Amino acid sequence: MRKLLLCVLVFTLSTFVVRAAEVTGKWSGSFDITNSEGETKADTAYMDLKETGGAVTGTAGPDSEKQWSLRKGKLEGQKLTFEVAMDDGGVLAFELTFDGTSIQDTCTGTGGGGEKMSAKVNLKRTS
């Protein structure tokens, strides 16, 4: 019985370590923005993420040069959530799905002038 419990514990811990390492890294892909008038513009996104015990830190932005810090970052199962405050005063709220190989779903927020927007996010690992 002790051996069985030890095996279950080791398997559970190794699964947690593998999952934690998977979201940590650099991600890039599409960020298709729809403004409050319904107009859509294709753009890009780049994220550098680090996950430790469910807490996610790092940066996000349109490319590796222009990045903003994440706040309130969490990974709960496949649900990845965080906020990004931009230089112009706008705030973006991300509610994404992490499936082990991609990060995708939606982002909503406001720009510095108060205009509302949403975006479809689709990212793949770059490193």
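Computed from a predicted structure; not experimentally measured.
The hydrophobic cluster containing L123 also contains L49, counting ILVMFWY residues as joined when their side-chain heavy atoms lie under 4.5 angstrom apart, directly or transitively. Hydrophobic clustering of Ile, Leu, Val, Met, Phe, Trp and Tyr side chains at less than 4.5 Å, counting indirect connections, keeps V84 apart from V91. Put simply, V23 and Y46 are part of two different groups of oily side chains (I, L, V, M, F, W, Y) that touch within less than 4.5 Å, one to the next. Both L92 and L75 are assigned to one and the same hydrophobic cluster, defined by single-linkage of ILVMFWY side chains at heavy-atom distances under 4.5 Å.
By the 6.0 Å contact criterion, CD on E95 is open, its count of non-hydrogen atoms from other residues, nucleotides or ligands being 12 or less.
Using a 4.0 Å cut-off between charged side-chain N and carboxylate O, K120 and D32 make no salt bridge.
In this structure, the separation between OG1 on T126 and CG on D48 is 8.0 Å, given to the nearest 0.5 Å. Rounding to the nearest 0.5 angstrom, the gap separating the CG atom in N122 from the CD atom in Q104 is 5.0 Å. Going from atom NZ of K50 over to atom OG1 of T24 covers 7.5 Å, rounded to the nearest 0.5 Å. With rounding to the nearest 0.5 Å, the separation of CZ in F31 from CE in M47 is 7.5 Å. Interatomic distance, T81 OG1 to L96 CG, rounded to the nearest 0.5 Å: 8.5 Å. Atoms NZ and OG1, from K26 and T59 in turn, are 8.0 Å apart once rounded to the nearest 0.5 Å.
In this structure a side-chain-to-backbone donor-acceptor pair under 3.5 Å is present from T44 to P62. Side chain of E51 to main chain of G54: a donor-acceptor pair is present (N/O by atom type, distance under 3.5 Å, no hydrogens or angles).
Checked by atom type, the side-chain pair S118/T108 shows no donor-acceptor distance below 3.5 Å. In this model, a donor atom of one side chain and an acceptor atom of the other lie less than 3.5 Å apart for D105 and T97.
Side-chain contact between F82 and K72: absent, with no pair of heavy atoms (C-beta onward) separated by less than 4.5 Å. By the 4.5 Å heavy-atom criterion applied to side chains, W27 and S127 are not counted as neighbours.
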Exercise for the section: Might you work through the side chain to side chain contact (heavy atoms under 4.5 Å, CB included) test for F94 and V121, ending with a clear yes or no? Expected result: CA-CA 9 Å; F94 290 81; V121 180; 4.2 Å; yes
